Amino acid sequence: MRQKRILILVENLPSPFDRRVWQEAGTLRDAGYGVSIICPTGKGCEKKHELIDGIDIWRYDLPKEGAGVLGYLVEYGAALLLTLALSLKVWWKSGFDVVHACNPPDLFFLIGGLFKLFGKKFVFDHHDANPELYEAKFGRRDVLWKLMVGLERLTFRAADVSIATNHSYRRIAIERGGMDPSKVFVVRSGPSLERMKIVPPVEALKKGRRYLVGYVGVMGKQEGIDYLLLAAAHLVHEMKRADVHFGLVGGGTSLEEMKALAHKLGVAEYVTFTGRVSEGALLAMLNTADVCVNPDVANEMNDISTMNKVMEYMALGKPIVQFDLAEGRFSAQKASLYARRNDAADLAAKIAALLDDPARRAAMGAFGRRRVETELEWRHEAPKLIAAYQALWGLQATMIRSAH
């Protein structure tokens with residue numbers, strides 16, 4: 001029997017840097033599928049074509065990451081055309097049976113729909129609720145928001161199977177997207193304990209201070225870095241805490257703006273912005289941290305989204321402080337303290353309370369690590385991805401669908 005081949009499309013991060021996509025690709029490869037990925041280039045992922053661990057990766061150069069509506073239109077339009085061109089190239093060179101499209105943007109249904117005319121299957125991997133993401137970024141429900149809803153609906157309509165990152169996203173697929181519930185599978189973004197390794201702390205990262213507060217993620221508007229810096233300012237200026245340093249790992253459209261805000265708030269010397277760094281540097285920062293934070297803004301988008309960073313903190317046995325968001329609370333449970341929504345002073349107070357209570361930190365960290373080991377690690381999610389593909393081929397799924 002000929003090996004079935006899968007073409008994964010992703011726009012917002014390069015592979016293998018995109019952790020969820022790389023885990024999915026590896027799982028499908030291990031299940032006997034041939035896997036190719038089309039994605040943008042990025043720091044450390046500059047080659048236009050390479051084979052890594054048996055996975056064929058094709059990359060393209062994108063315009064600078066969009067910051068406004070026009071910027072996103074240019075970015076997504078270019079990504080669609082470049083992805084289409086590479087899809088045709090892969091089709092010609094090695095062929096594929098499935099287009100597995102990850103959003104954003106909700107435009108890859110055009111490519112999936114094209115190849116469905118030639119008998120290919122289309123899988124939609126729903127990473128972001130784009131209407132909610134648009135509202136979070138621009139604060140309005142206008143004609144472009146309605147366009148986002150329409151594109152999302154067309155994507156679900158084109159999909160033979162949809163993969164949701166949590167049950168909130170599954171509801172969107174069924175209620176807003178009109179999908180048959182039997183074709184929507186929940187596959188959470190579980191961390192890999194092989195990757196998220198506990199290593200000795202690097203005391204130099206504390207910059208001579210007693211404590212380190214760690215963050216990893218995008219430096220963007222809805223990630224709430226401004227709230228985190230306001231919390232740092234409250235700790236330093238109002239609570240007179242000169243013993244805390246903040247280590248922020250990640251890049252994004254707001255990085256320079258956040259650096260400027262740190263200076264304006266008088267906390268620049270208490271904050272290290274690393275930008276995008278190697279995995280080793282990321283692990284060094286998080287393993288050194290005494291407390292990790294998830295300052296995502298409390299809004300509709302973040303309330304329904306599962307954040308990879310929360311589970312990565314848990315995998316490393318770190319206690320967490322975050323705003324009280326539905327999916328954040330579901331993931332972390334007793335591994336986190338929950339500050340009042342969008343209240344920087346309460347975020348600071350919760351951080352300080354944990355820093356001053358080492359026994360509580362240890363208990364919360366141990367709870368989070370156990371939860372990852374027994375429930376949330378990627379090895380628990382991988383069979384659900386395979387079940388989705390069994391459904392795609394019309395086979396009887398051997399695993400219990402996570403929706404049940």
Side-chain angles (χ1 to χ4, degrees), residues 4-12 18 20-21 24-25 28 33 35-39 58 72-73 75-91 95-134 144-166 168-187 304 384-395 397 401 403:
K4 292 189 182 295
R5 296 195 59 84
I6 298 164
L7 176 63
I8 299 177
L9 311 181
V10 58
E11 185 274 344
N12 62 334
D18 187 314
R20 176 184 172 90
V21 171
E24 288 177 322
L28 292 168
Y33 294 102
V35 182
S36 298
I37 300 175
I38 294 175
C39 62
W58 298 84
Y72 282 107
L73 289 174
E75 177 190 339
Y76 291 160
L80 178 65
L81 293 175
L82 291 166
T83 300
L84 174 59
L86 283 176
S87 298
L88 292 168
K89 187 173 184 177
V90 175
W91 187 30
F96 51 81
D97 303 282
V98 182
V99 174
H100 178 132
C102 310
N103 79 331
D106 286 337
L107 293 173
F108 287 148
F109 75 90
L110 295 168
I111 296 175
L114 171 65
F115 286 109
K116 285 186 74 170
L117 297 175
F118 297 92
K120 312 304 178 187
K121 300 287 189 179
F122 178 54
V123 172
F124 176 44
D125 198 345
H126 192 195
H127 292 187
D128 285 331
N130 278 328
E132 285 81 1
L133 181 59
Y134 177 86
L144 287 176
W145 179 86
K146 292 179 181 178
L147 176 63
M148 295 293 107
V149 174
L151 292 172
E152 179 188 76
R153 186 177 295 117
L154 289 170
T155 299
F156 282 121
R157 187 172 297 174
D160 295 293
V161 160
S162 178
I163 296 170
T165 55
N166 58 43
S168 297
Y169 276 42
R170 185 174 187 270
R171 282 195 297 273
I172 290 174
I174 296 166
E175 296 172 7
R176 200 159 73 195
M179 285 207 72
D180 180 342
S182 69
K183 296 181 179 179
V184 184
F185 291 76
V186 174
V187 181
I304 63 174
K384 301 170 188 176
L385 177 63
I386 301 306
Y389 269 83
Q390 289 175 321
L392 183 67
W393 308 121
L395 301 175
R401 187 174 293 115

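What you are looking at is a predicted structure, and each value in this text was computed from that prediction instead of being measured. Counting from 1, the numbers follow the sequence of the chain as shown.
K116 pairs by the salt bridge (charged side-chain N to carboxylate O under 4.0 Å, His left out) definition with D160, not counting sequence neighbours.
Side chain of H100 to backbone of C102: no donor-acceptor contact under 3.5 angstrom is found. Within the 3.5 Å criterion, the main-chain N or O of L133 finds no donor-acceptor partner in the side chain of N130. N103 places no side-chain N or O within 3.5 Å of a backbone atom of D106 that could act as its donor or acceptor partner. The backbone N or O of L107 sits nowhere less than 3.5 Å from a side-chain atom of Y76 that would complete a donor-acceptor pair.
Between Y389 and Y33, the two ring planes are tilted [angle within 30° to 60°]. Aromatic ring pairs are classed by plane angle as parallel below 30°, tilted from 30° to 60° and perpendicular above 60°; the pair F122 and F124 is parallel. Between F115 and F96, the ring-plane angle classifies as perpendicular under the 30° and 60° cut-offs.
The distance from the CD1 atom of I304 to the CZ atom of R170 is 15.0 Å, given to the nearest 0.5 Å. To the nearest 0.5 Å, atom CG of residue L114 and atom CG of residue L110 are 9.0 Å apart. Rounding to the nearest 0.5 Å gives a distance of 10.0 Å between CG of L385 and CZ of F185. Note that CG of L81 is 8.5 Å distant from CD1 of I111, once rounded to the nearest 0.5 Å. In this structure, I386 CD1 and L28 CG are separated by 5.0 Å, a value rounded to the nearest 0.5 Å. For the atom pair NZ (K384) and CD (Q390), the distance works out to 14.5 Å, reported to the nearest 0.5 Å.
A heavy-atom distance below 4.5 Å is not found between the side chains of I37 and W58. In this structure, the side chains of L9 and S87 come closer than 4.5 Å at one or more pairs of heavy atoms. Counting heavy atoms from C-beta outward, L7 and W91 have side chains that stay 4.5 Å or more apart.
When every heavy atom of H127 is checked against every heavy atom of Y169, the shortest pair comes out as O-CE2, 3.4 Å. Here the shortest heavy-atom pairing between A388 and I163 reads CB-CG1, 4.4 Å. Closest approach of E11 to A79, counting heavy atoms only: CG-CB, 3.4 Å.
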Pairs under 3.5 angstrom only: tabulate donor-acceptor contacts from the side chains of residues 147-155 to other protein residues two or more places apart or in another chain.
unit_1	atom_1	unit_2	atom_2	d
E152	OE1	R176	NE	2.6
E152	OE1	R176	NH2	3.1
E152	OE2	R176	NH2	2.9
T155	OG1	L151	O	2.9

Trace of the side chain to side chain contact (heavy atoms under 4.5 Å, CB included) decision for D125 with F108: CA-CA 11 Å; D125 198 345; F108 287 148; over 6 Å; no
Show the numbers, then the answer: is there a side chain to side chain contact (heavy atoms under 4.5 Å, CB included) between I38 and I8? CA-CA 6 Å; I38 294 175; I8 299 177; over 6 Å; no
Let's go through R5 and S36 carefully: what are the C-alpha distance in whole Å and the side-chain angles of both, what is the deciding distance for side chain to side chain contact (heavy atoms under 4.5 Å, CB included) to 0.1 Å, and is it a yes or a no? CA-CA 8 Å; R5 296 195 59 84; S36 298; 3.3 Å; yes
Before you tell me yes or no, could you show the steps for I172 and H126 under side chain to side chain contact (heavy atoms under 4.5 Å, CB included), namely the whole-Å CA-CA distance, both residues' side-chain angles and the distance that decides it to 0.1 Å? CA-CA 10 Å; I172 290 174; H126 192 195; 3.9 Å; yes
